[in-house]
Amino acid sequence: MKKLSLLMLFLVGSLAVNAQNVSTGVTFPKVDSSPLDVIYYPLNVTKSKDLIAPVMRVLYSRPQKKGREIFGVLEQFDKVWRLGANENTEIQFFKAVTIAGKKIKAGRYSLFAIPSQDKWTVIINKQTDKWGAFSYDPEKDVLRTEVVTNKTEKTIEAFSITFIDAPEGANLVVAWDNTQVFLPIGFKK
């Protein structure tokens with residue numbers, strides 16, 4: 001009886017292992033070379049045990065420098081850039097905010113930039129869910145504002161976005177290669 005029970009247990013275990021190795025028939029895409037990332041404000045709001053509502057979040061793809069010259073070459077000066085890679089970078093405001101003195105309603109928007117040597121024009125646009133800046137429509141701009149560029153002390157290998165606290169809200173910080181910009185975003189805390 002013990003041998004029969006042991007044999008049955010072995011057979012059931014073998015079937016379970018084989019079931020895990022069966023192909024699903026689905027071909028999954030390879031990991032993207034510019035992976036999608038998300039950043040919230042407040043930072044780590046999704047990990048908080050407290051009931052804190054997010055103010056905003058950014059969904060963006062993170063291209064790598066890989067030894068290339070970025071601004072002025074890969075991302076040409078004075079041309080609209082999707083502010084990342086792949087699909088348009090998306091910013092979502094969970095409540096109304098103010099940027100450059102203009103009130104922006106809660107909602108989803110795309111985020112573009114026009115990099116120049118000493119300044120960038122940052123663009124918030126109503127059109128979302130598009131690839132690159134190929135179909136960028138300036139008629140759908142909600143806001144255009146200029147921000148100055150800053151040089152970083154060290155090279156930023158992966159295109160990066162984060163938020164830092166500011167007295168009247170938060171600054172959206174964008175950095176890649178040796179360039180960094182700050183976009184002040186105001187809201188009631």
Side-chain angles (χ1 to χ4, degrees), residues 28-29 31-65 70 75 80-115 120-133 136 140-189:
F28 292 98
V31 174
D32 198 290
S33 60
S34 299
L36 184 66
D37 207 347
V38 61
I39 188 78
Y40 280 86
Y41 183 86
L43 299 177
N44 299 319
V45 69
T46 58
K47 297 176 183 174
S48 176
K49 292 180 182 177
D50 299 325
L51 294 176
I52 301 170
V55 175
M56 55 195 153
R57 75 172 179 193
V58 176
L59 300 168
Y60 69 108
S61 290
R62 302 186 69 184
Q64 312 295 307
K65 179 173 168 52
I70 302 302
E75 299 305 335
V80 174
W81 173 43
R82 65 186 133 200
L83 207 59
N86 304 332
E87 293 87 352
N88 305 140
T89 292
E90 180 184 298
I91 189 163
Q92 181 172 7
F93 301 112
F94 294 96
K95 65 181 185 178
V97 299
T98 303
I99 301 174
K102 182 171 180 172
K103 188 172 183 176
I104 299 176
K105 296 178 186 177
R108 288 177 52 221
Y109 302 92
S110 57
L111 197 55
F112 295 93
I114 302 173
W120 286 10
T121 301
V122 176
I123 304 165
I124 296 179
N125 186 283
K126 292 179 198 173
Q127 188 175 12
T128 59
D129 303 313
K130 297 294 181 187
W131 182 269
Y136 164 72
K140 296 185 179 176
D141 287 353
V142 174
L143 170 90
R144 278 181 172 234
T145 189
E146 290 185 355
V147 294
V148 297
T149 60
N150 302 286
K151 295 296 177 195
T152 59
E153 290 181 19
K154 59 183 179 177
T155 299
I156 309 297
E157 176 64 28
F159 176 73
S160 299
I161 296 177
T162 194
F163 292 104
I164 58 171
D165 288 321
E168 302 297 320
N171 288 322
L172 174 74
V173 183
V174 177
W176 196 18
D177 194 6
N178 63 350
T179 301
Q180 179 173 268
V181 298
F182 295 82
L183 177 67
I185 301 174
F187 53 86
K188 293 182 181 178
K189 291 187 175 187

Report yes if some heavy atom in the side chain of L83 is under 4.5 Å from a heavy atom in the side chain of W120; otherwise report no. yes

Test side-chain contact (heavy atoms from CB on, under 4.5 Å) applied to L183 and V174, step by step: CA-CA 8 Å; L183 177 67; V174 177; over 6 Å; no

What distance do R57 atom CZ and F93 atom CZ have between them, rounded to the nearest 0.5 Å? 12.5 Å

Residues A175 and I156: closest non-hydrogen pair is O-CG2, 3.9 Å

Calculate, to the nearest 0.5 Å, the distance between atoms OG1 and CD1 belonging to T128 and I91 respectively. 13.0 Å

Counting C-beta onward and ignoring hydrogens, is there a side-chain heavy-atom pair between I114 and I123 closer than 4.5 Å? yes

Residues passing the ring-ring contact (aromatic ring centres under 6.0 Å, His included) test with Y60, sequence neighbours excluded, are F159

Those residues that, when tested against D50, pass salt bridge (Lys or Arg N to Asp or Glu O under 4.0 Å) (two or more places apart): none

Quick one: ring-ring contact (aromatic ring centres under 6.0 Å, His included) partners of Y40, sequence neighbours excluded? none

More than 12 heavy atoms of other residues, nucleotides or ligands under 6.0 Å from CD of Q64: yes or no? yes

Non-neighbouring partners of F182 that pass ring-ring contact (aromatic ring centres under 6.0 Å, His included), sequence neighbours left out: none

According to ring-ring contact (aromatic ring centres under 6.0 Å, His included), who are the partners of F112, at least two apart in sequence or on a separate chain? Y136

Please list all pairs meeting salt bridge (charged side-chain N to carboxylate O under 4.0 Å, His left out) that have one or both residues in residues 85-114, counting only residues at least two apart or in different chains. E90-R108, R108-D129

Residues forming a side-chain hydrogen bond (donor to acceptor under 3.5 Å, both in side chains) with Q180, sequence neighbours excluded: none

Which heavy-atom pair separates P42 from P54 by the least distance, and what is that distance? CD-CA, 4.1 Å

Between atom CG of N88 and atom CG of L59, what is the distance when rounded to the nearest 0.5 Å? 11.5 Å

All pairs passing salt bridge (charged side-chain N to carboxylate O under 4.0 Å, His left out) where residues 144-165 contributes a residue, at least two apart: K119-E146, D141-R144

Can you list everything that forms a side chain to side chain contact (heavy atoms under 4.5 Å, CB included) with K140? Sequence neighbours excluded, please. N125, K126, Q127, D137

Please examine the side chains of V142 and I104, heavy atoms only from C-beta on, and report whether any two atoms are closer than 4.5 Å. yes

Y109 and L143: side-chain contact (heavy atoms from CB on, under 4.5 Å), yes or no, with the steps? CA-CA 10 Å; Y109 302 92; L143 170 90; over 6 Å; no

Locate the shortest heavy-atom distance separating Y41 from G169; write the atom from each residue and the value. OH-O, 3.8 Å

Just do the side-chain contact (heavy atoms from CB on, under 4.5 Å) check on L172 and L111 with the steps written out, would you? CA-CA 11 Å; L172 174 74; L111 197 55; 3.9 Å; yes

Run the side-chain donor-acceptor check on residues 32-39: report pairs under 3.5 Å with partners two or more places apart or on a different chain.
unit_1 : atom_1 : unit_2 : atom_2 : d
D32    : OD1    : S34    : N      : 2.6
D32    : OD1    : N86    : ND2    : 3.3
D32    : OD2    : N86    : ND2    : 3.3
D37    : OD2    : R62    : NH1    : 3.0

Spacing of I185 atom CD1 and I99 atom CD1 [to the nearest 0.5 Å]: 4.5 Å

List for me each residue that meets side-chain hydrogen bond (donor to acceptor under 3.5 Å, both in side chains) alongside K65, sequence neighbours excluded, and say none if there are none. D177

So, using side-chain hydrogen bond (donor to acceptor under 3.5 Å, both in side chains) as the criterion, who are the partners of R82 when residues are at least two apart? none

Could you give the distance from OG1 (T152) to CH2 (W176), rounded to the nearest 0.5 Å? 13.0 Å

